[in-house]
Amino acid sequence: MRLLKDILYKVSLAAVSGDTNVMVKNVHFDSRKVEMDDVFVAIRGLTTDGHKYIEKAIELGAKAVVCEELPDILVNGVTYLKVPNCNSALATIAANFYDNPSRNLKLVGITGTNGKTTVSTLLYRLFKKAGFKVGLISTIKVMVDDTEYPATHTTPDVLTINQYLSQMNEEGVEFCFMEVSSHGIHQKRSESLHFEGAIFTNLSHDHLDYHKTFAEYRDTKKKLFDDLPKTAFALTNIDDKNGLVMLQNTKAKKLTYALKSYADYRAQILEKQFNGQLLKVDENELWTKLIGDFNAYNLLAIYATADVLGLEKMETLQLISELENVDGRFQYHISKEKITAIVDYAHTPDALKNVLITINALRTGNENVITVVGCGGDRDKSKRPVMGHIASEMSNQAIFTSDNPRTESPSAIIEEMEAGVEAHNTKKILSIENRKQAIKTACKLALANDIILVAGKGHETYQETNGVRVDFDDFKEVKAALADLNK
């Protein structure tokens, strides 16, 4: 139980009706979870408005209600707290409720269109190898040192974040690496967290169904850096044209990394192979199992972050050389027929282009590249023809298929991808709605030394159609399909 007025510390209150000197048990923004003596925060969401459920929350036992509009009828014995913004209020309340756990460890936020999961996950692994107790909040999973929890969002809701951070405090975790999505920033999920630093990876076309314009998307990412305290660090990729934009208004210590530009941290790619690449970092050569320019950027960000957080440089380079690929990020398998299958989470035009650039740079010229790709339903439609254009232009054969169609028609999504295919590439396109069949077809078309790219879903182990999720793992499917070629 917590005293209500204590968890309201620093919350901007427009009006108060009732007693704040009362004990409350828990905080919820989902009215269905409310129990006796809880606090209910009425959040305005994309599909529903929590204000509609205030009465239900009170019926279930809510002792206090946080809202932007007071109900017409106020129930005796219930404390009503009117605030300018319920998302901001919830962020502060959540941090207070769990005793501001982010202040008791070094929390680093990673944002950008691509690379967030790789950077956060590999930082977690690197610091674990270095002997620290470490936390991770990512798209794939949440780790409280050695204990794993499933992830439901790139950036969880702010109550869940603080709950995990509180558990990390109890376990003695020293560092936590957290993906920070544009949705999470916009919905105040990262507000009231104390960040030791933030990393910007890159920015490209994505989430314009939510943010509407690229400028709004960029400025939302930038807010993470704008809000950093002067004691924090702000690390940005200045090879990205938006890299310096992130630093414009930050009070934090400004640091840069790059492969092409002058920066505080620089790297050079000396050699590329399918099983890894040779990098030069700080005049030291480093062999890594992670390939591609995008991974060189990711590893440089990791190296820079480790340096800022106090790890010894040579130890960091040694630990980086031991790191393995993150599941679903350029994860590859070579069959008995010498067919290479690559599974990657590339679900944006820029990510797909970067993966195909990497693959084509490793080819001798005699292999065919067969790309299996789809686009998710109920998401940014404007990127679909762009994805179709890139896949058809940069592959010898492209198979358009379903990703997670959600509530949209898979065939309609594929048609929108086909609209981006130029006339001279139409003969290179196949459209197969069933993803399993599309992967099988790619494997049957492949000859020795050919390369199959299965893009879009990466680490996901399900496919979602009309609210129903069925088991589906791209890596397992392509391995099974290649194995069937021998039968």
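These figures come from a predicted structure and were not determined experimentally.
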Next on the checklist: side-chain contact (heavy atoms from CB on, under 4.5 Å) for Phe40 and Asp30? Distances and angles first, verdict last.
Outcome noted: CA-CA 8 Å; Phe40 173 63; Asp30 184 341; over 6 Å; no
Item to check | Working for side chain to side chain donor-acceptor pair (under 3.5 Å), residues Asp471 and Tyr462 | outcome: CA-CA 4 Å; Asp471 291 342; Tyr462 63 85; over 6 Å; no
Item to check | Step-by-step ring-ring contact (aromatic ring centres under 6.0 Å, His included) determination, Tyr164 to Tyr149 | outcome: CA-CA 10 Å; Tyr164 282 132; Tyr149 299 91; 5.3 Å; yes
Checklist entry - After noting the C-alpha distance and the side-chain angles of Thr256 and Thr236, does the key distance pass the side chain to side chain donor-acceptor pair (under 3.5 Å) rule? => result CA-CA 5 Å; Thr256 58; Thr236 191; over 6 Å; no
Checklist entry - Run the salt bridge (charged side-chain N to carboxylate O under 4.0 Å, His left out) check on Lys133 and Glu174 step by step: do they pass? => result CA-CA 6 Å; Lys133 289 197 168 190; Glu174 297 176 66; over 6 Å; no
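A donor-acceptor pair is defined here as one N or O able to donate and one able to accept, closer than 3.5 Å; such a pair exists between the side chain of Thr401 and the backbone of Glu433. A side-chain donor-acceptor contact under 3.5 Å links His347 to the backbone of Tyr345. Here the side chain of Arg406 pairs a donor or acceptor atom with the backbone of Gly377 at under 3.5 angstrom. In this structure, Glu171 contributes its side chain and Val144 its backbone to no donor-acceptor pair below 3.5 Å. Side chain of Arg469 to main chain of Glu464: no donor-acceptor pair is present (N/O by atom type, distance under 3.5 Å, no hydrogens or angles). A donor-acceptor pair is defined here as one N or O able to donate and one able to accept, closer than 3.5 Å; such a pair exists between the side chain of Asp38 and the backbone of Glu35. Distance alone, capped at 3.5 Å, places no donor-acceptor pair between the Lys129 side chain and the Arg125 backbone. Remark: the backbone N or O of Val245 is not paired with any side-chain donor or acceptor of Asn242 at under 3.5 angstrom. Side chain of Thr79 to backbone of Asp19: a donor-acceptor contact under 3.5 angstrom is found. The closest donor-acceptor contact from the side chain of Lys383 to the backbone of Thr348 lies at 3.5 Å or more, if one exists at all.
Paired with Val478 under the rule side-chain contact (heavy atoms from CB on, under 4.5 Å), one option of Val372, Asp473, Val343, Leu453 passes, and it is Val343. For the pairing with Thr139, the side chain to side chain donor-acceptor pair (under 3.5 Å) check across Glu179, His459, Glu460 returns one residue only, Glu179. The only member of Thr117, Asp344, Thr121, Asn298 that meets side chain to side chain donor-acceptor pair (under 3.5 Å) when paired with Arg329 is Thr117. Between Glu191 and the options Gln187, Lys188, Arg189, a side-chain contact (heavy atoms from CB on, under 4.5 Å) holds for only Lys188. Partner Asn295 forms a side-chain contact (heavy atoms from CB on, under 4.5 Å) with one of Leu122, Leu323, Thr118, Leu300 and no other, that one being Thr118. Just one of Asn202, Asp239, Asn114 meets the side chain to side chain donor-acceptor pair (under 3.5 Å) condition when paired with Tyr297; it is Asp239.
No more than 12 heavy-atom neighbours from other residues, nucleotides or ligands sit within 6.0 angstrom of NZ on Lys353. Within 6.0 Å of the NZ atom in Lys253, the count of heavy atoms belonging to other residues, nucleotides or ligands does not exceed 12. Counting heavy atoms of neighbouring residues, nucleotides and ligands inside a 6.0 Å radius, atom CE of Met1 exceeds 12 of them. Around atom NZ of Lys476, no more than 12 heavy atoms belonging to other residues, nucleotides or ligands sit under 6.0 Å away. The environment of NZ in Lys33 is sparse: at most 12 heavy-atom neighbours from other residues, nucleotides or ligands sit within 6.0 Å.
Using a 4.5 Å heavy-atom threshold, the side chains of Phe294 and Thr358 count as touching. Side-chain atoms of Val180 and Ile110, non-hydrogen and from C-beta on, never get closer than 4.5 Å to each other.
A donor and an acceptor atom, one from each side chain of Glu418 and Ser431, are located under 3.5 Å apart. If you check the side chains of Ser182 and Lys221, you find no donor sitting under 3.5 Å from an acceptor. Between Asp157 and Thr160, the side chains place a donor N or O and an acceptor N or O closer than 3.5 Å (distance only, hydrogens not considered). Looking only at atom types and distance, the side chain of Thr407 has no donor-acceptor partner in the side chain of Asn466 under 3.5 Å away. There is a side-chain donor-acceptor pair under 3.5 Å between Ser382 and Asp380. A donor atom on one side chain and an acceptor atom on the other are found under 3.5 Å apart for Ser192 and Thr92.
Interatomic distance, CG of Leu244 versus OG of Ser261, reported as 8.5 Å (0.5 Å rounding). With rounding to the nearest 0.5 angstrom, the CD1 atom of Ile414 is 11.0 Å from the CD1 atom of Ile399. Separating the CE atom in Met168 from the CG atom in Asp145 is a distance of 9.5 Å, to the nearest 0.5 Å.
The two residues Phe97 and Lys25 have their closest heavy-atom pair at CZ-O, 3.3 Å. Contact detail for Asp146 and Lys128: the closest heavy-atom pair is OD1-NZ, 2.7 Å. Closest non-hydrogen pair, Val173 versus Val134, comes out as CG1-C, 3.7 Å. Here the closest non-hydrogen pair linking Ala94 and Leu159 is CB-CD2, 3.7 Å. Across all their heavy atoms, Ala346 and Val355 have their closest contact at CB-CG2, 4.2 Å. Heavy-atom minimum distance, Ser12 versus Pro84: O-CD, 3.3 Å.
Using cut-offs of 30° and 60° for the angle between ring planes, the Phe127 and Phe177 rings count as tilted.
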Do any side-chain atoms of residues 301-311 form donor-acceptor pairs under 3.5 angstrom with protein atoms, and if so which ones, sequence neighbours left out?
{"unit_1": "Tyr303", "atom_1": "OH", "unit_2": "Asp282", "atom_2": "OD2", "d": "2.5"}
{"unit_1": "Thr305", "atom_1": "OG1", "unit_2": "Ala301", "atom_2": "O", "d": "2.7"}
{"unit_1": "Asp307", "atom_1": "OD2", "unit_2": "Tyr265", "atom_2": "OH", "d": "2.5"}

Show me the side-chain donor-acceptor pairs of residues 223-231 shorter than 3.5 Å, one per line, residues at least two apart or across chains.
{"unit_1": "Lys223", "atom_1": "NZ", "unit_2": "Asp227", "atom_2": "OD2", "d": "2.6"}
{"unit_1": "Asp226", "atom_1": "OD1", "unit_2": "Lys222", "atom_2": "NZ", "d": "3.0"}
{"unit_1": "Asp226", "atom_1": "OD2", "unit_2": "Lys222", "atom_2": "NZ", "d": "3.2"}

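Between Tyr53 and His51, the distance from one ring center to the other does not fall under 6.0 angstrom.
Lys82 and Glu69 are not joined by a salt bridge, as no carboxylate oxygen comes within less than 4.0 angstrom of a charged side-chain nitrogen. A salt bridge does not link Lys457 with Asp474: none of the charged nitrogens is closer than 4.0 Å to a carboxylate oxygen.
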